[in-house]
Structure formats: structure tokens, C-alpha cells
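Side chains are part of it too, since the values below use all heavy atoms of this structure and drop only hydrogens, waters and symmetry mates. Index from 1, following the sequence. Atoms within a ligand are numbered from 1 in the order they appear, just like the ligands themselves.
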Amino acid sequence: MRILSPSMVFRSPSLAPFRSAVNTRRERSVHPPLPSPHRSAKREPFARLFIQSLWPNTTAPIVGGRKTMAGGFSVPDGGKEYPGKMTLFVFLACLVASSGGLIFGYDIGISGGVTSMDPFLLKFFPDVYHEEKLQKSTSQYCKFNSQLLTTFTSSLYLAALVASFFASTVTRLLGRKPSMFCGGLVFLAGSVINGAAKDVAMLIIGRIFLGIGIGFASQSVPLYLSEMAPARLRGMLNIGFQQMITVGILIANIINYGTAKIEGGWGWRVSLGLGAVPAIIMTAGSLLLPDTPNSLIERGHTDEAKSMLCRIRGTEDVQAEFVDLVAASEASKAVKHPWSTLRQRSYRPQLVMSLLIPAFQQLTGINVINFYAPVLFKTIGFGSEASLMSAVIIGFFKVASCLISIFVVDKLGRRPLLIEGGLQMIFFQVVVGILIGIKFGSDGVGTISKPYAIGVVSCICFFVSAFDWSWGPLGWLVPSEIYPLEVRSAGQSITVSVNMLFTFIVAQTFLPMLCHFKFGLFFFFAACETIMTVYVTLFLPETKNIPIEEMDRIWKKHWYWSRFVTDVPGGDHEMTKPKSSV
Ligand code: BGC
């Protein structure tokens, strides 16, 4: 088995012009400058970081930063900062690209709302409707328990799971933009089919289209955002995807609230059909978007890539970053089999994280609230309008909480947010379980007073807030920043597919589980949250401020993961001739 480290890739004659600068970069990685924590704190006061995050156009290099030989600035944590700023061009590009999150969120909010609308239930799921209306005396917990209804919601996530693998090929061979374009177009078709649906089959076919669109969007948009963003704002811009998901959910909840009032019972068609709007924004937007320099280099357009880099960084001084991008791209191409490489022992920490973090993210039970909040509220006795209004209130909490995360994630760090969010979710999940248990017991019969209902909705708001400033955004951010480049894209596909798989499982099993576990279901999710909070405390090293290319340091220093990580970059990986692996 041939052993080759990524830097050996640079023996290729075509890379001669870059070689000396790249060597400088590699040497610095082996002996990174590590100033004392004291000096770091002095150089990088919190106030300054805060100001930079509020006004990202602050272009001055970090105080005390040392100019590196390749032209970047070394920063206190041992990495480096490239010259440049967040230009309006990048901001607008990222805003347009984030509309991929909008279609994702819009669908989550819409499907939750329409499944609580009587005309929709009557047309497609008459059994559920009659169960709800005619048999008031039966257990509240079971009245929405229909396999067909859950299939309507969850079919989308199976489609997204499969599509994310195809999307990975389109993204690699043709670039990020075509992937977003395909995603937008297929989502558009799905919205039209759903808005015009005549029977359940049409409804589910429409959802499969929507799922394919979402699969393409969640593969390409986070990648696009990360590649366009200046390194020091990567966390912030990456969370833009989650922010747009929450905005999409809120808009959908508001639309459902309005369309439910439409006389004639066809409001649900407007809700489903309006998915075409974010889809058109994404499809048209993707045509206007610039290609990322990384993708251009990957496809052999190096000159174009360099001009694009100058344009998006707002400076001509991009040589250091350009050299590193070429290096990273070549190292990435040199891994022939990213999927089998990923199974090597030295990638075990990252692999375990990208299997567990998205699975845990879904086992918080967040999508129970996202998909079924209105149904859940009707279950505990709210009227139709009150259920939809409660979903709107929750939507506001989600948007505000994600915004908080954007501003604190690079200062407080990932671990504190995940641990605090986990504890807060456990507490409010348990309280909701107790409140529902007291009122409905295990036979599921009872009524709820207004103040009591307000108490339940408030607890749910605190629960979703905790999710949307912790496990929501970080469930995407952390897995995307821990992989070395040569397997990063394969890792991202695993994250997306595990996320979609668990979303599917939770969506598919929630209503039957509510029927069988009753209020105990909330304790089940609280138990999962306890396990994941303990897991993060023990096993997740802090990734804040660690440059991606130097992320292997965190595993080497970790009490448990250090046993898996060797000192040889690339370890026992088989590498052969360059071949694209994104
Ligand atoms: C999760 C989704 C969830 C959304 C909104 C995302 O991070 O992956 O499953 O629906 O947040 O809460």
C-alpha cells in the first residue's frame, strides 16, 4: 500500500510555481507558532472580536498578528489570517446562496401547518379527520396516528437522503452553482405538483421532488458558504444556512396562519404552492452567483479562480490564500477513494462525530415540534387557529435564537453552547412531559385551561430557543469543520445522510410513539438529550478558532481520541494519482 501525505502531491511538475510557497505553508503547519494564552488574550480582546463580528468590514489585520512568509497573518491560535475583508459582493452572494436554507425551512413549516388543516385532512386523510372529529372520547395521544400522514411528512427525507449522494457528484464535477440550480428547479416542480395535488399519490410524488431539491441544497449550500467566506467569518456565514431555515419556517407558519382562513377550504393549496417562491429565488439566484475559487481551481480554471478570489476578498493581496487553495485542492484530488479512506483508523474521531452529531441533533425531538407543533397543540386541546398562532410564536423564537448563535459562536465556542443548549432542552422537555402528564395522564383524556396552555407553549419556546442557538446550527457547523480536506466532502455527505435518515425515523415514528408512550415520549427525548450532553462534555474537543487545516491537533491532545491519531498526516491512507474527490 502506497503511503503518501498530502504535501507529497506537490511533486507534480504542473505545480512548480506554487511549490515554494506551499512548502512554507506545510512547514509552518508542522511547527505552528503557539503564543501563550495570556498574550493571546491581550492581543485579541473580546470587545474587538465582538466589534469585528458586528462590523465585518473591519479590515485591519489582527493586532499583533505576524506577517507570514506566504503573505498571510499568523494569528494567536497558531493558524493564520489571510488579507481581505467581507465585501458586499460576498455578502450578497452568501445571502442568495442561503436561500437554499429557505426552501428547507419553508417546507418544514408548511407541512406541519397543512396537516392540521381540516380541509386538507378531509381530502387526503379522511380517517384521521374522522378520528379527530367524531371520536372525542378516545385518547388524545392517538388521534393523529396515521401511517399515511407520517409518510406524507417523512417521504421527503428519504428522497433527500438519496439525492445528497447524487448532489455530491454534480457539485464535484460541475460546481456548486449547478447543484443549487438543480435543487431549486426540482423543488419548484415539487411545489407545483403539491399545490395542484388531486390525491395522496400526487402529494407524495410532489414531496419526493421537494426532498430531492432539499438534498441538493443541503449538500451544496453549506459548501458554497464555507468556500466564499473569509476564514475568520466562516462559522458566522455557515450559520447563515440555519438562519435561513428558521426564517423559512417562520414565513411558512405565518402563511399557514393566513391561508387556513381562506373560505372554501383550498388554503392548503396556496401554502404548498407558494413553495415555488423560495424555489424561484434559489433557481434564479444560482444563475447570478459567482463560482467559488475552490470550485474553479478544481475544474482547472486557475486564472479565473485567482481573479475571483481578488474580487471576493476586495484586495489584490491574495497570493497566500490562493496558494493554499491550490494546495488543498491538489491534496484533495490525490485521495483516490475518499469513502474507504474515511474508514481508516486515523479518521475514527471525525467519522464518529459525523455519525453521532446529526443523529443526536435529530434525537432532541426538534422536528416533532417543527413538523407537528400545530398537530401537537390540537392534540392537547387547542383550536385550529390557536395551534397555528402558537407555531408562529415558536417561529419567532427560532429566528431570534439562531441570530444569537451567529454572534456568539466564535467567541464562546462550540462546547459551551452545545452543553448549555443540551441542559436547557432537557429541563424544558421534562417540564412539558410533566405538564402534559398531569393533564392527560396515561388514558389521554382531559381538557386544558388557557393559562395552562400558555405555560406549555412557553416551555416549548424555551426548548426551541435552546436548540436554535446550539444543536441546530452547530449540528451542521461542527461536522463540517473537523475533517481534513481530502475527506471533507465525503464526510459532509455522511453528515447530510445521517441527518436525513434520523429526520425520517423521527418523523415516521413520532405519531405512533406518542400514541404508545404518551407523555412519556417527552422523557424519552430528554433521556437522549442527557446522553448527548454527556457525550459532548467528554468527547468533543473545542474547535473554536482552530484553523481547519490544523484541526488534527485537537484530536492528538484529547484524552480519548489521541489513541486513534498518528503523527503522520494522511496516516495509512492509500493515495494514488490525483482524482477529484469533492
Ligand atoms: C435541522 C432540521 C430542523 C431545522 C430547524 C436543522 O438544523 O437539521 O432537522 O428542522 O434545523 O429546526
Worksheet entry | Mutual orientation of the aromatic rings belonging to Y560 and F539 [parallel < 30°, tilted 30-60°, perpendicular > 60°] | perpendicular
Worksheet entry | Test ring-ring contact (aromatic ring centres under 6.0 Å, His included) applied to F360 and Y535, step by step | CA-CA 10 Å; F360 281 150; Y535 176 81; 5.6 Å; yes
Worksheet item: Any side-chain donor-acceptor pair under 3.5 Å between N256 and N253?
Response: no
Practice prompt. Classify the angle between the aromatic ring planes of F519 and F523 as parallel (below 30°), tilted (30 to 60°) or perpendicular (above 60°).
Written response: perpendicular
Fill in: W561 and W555 aromatic ring geometry - parallel, tilted or perpendicular at 30°/60° bounds
perpendicular
Worksheet item: Using a threshold of 4.0 angstrom between heavy atoms of the protein and any atom of ligand 1, which residues qualify?
Response: I108, Q242, I245, I249, Q361, Q362, I366, N367, N370, K398, F467, G472, W476, N499
Fill in: F525/F463 aromatic ring centres below 6.0 Å
no
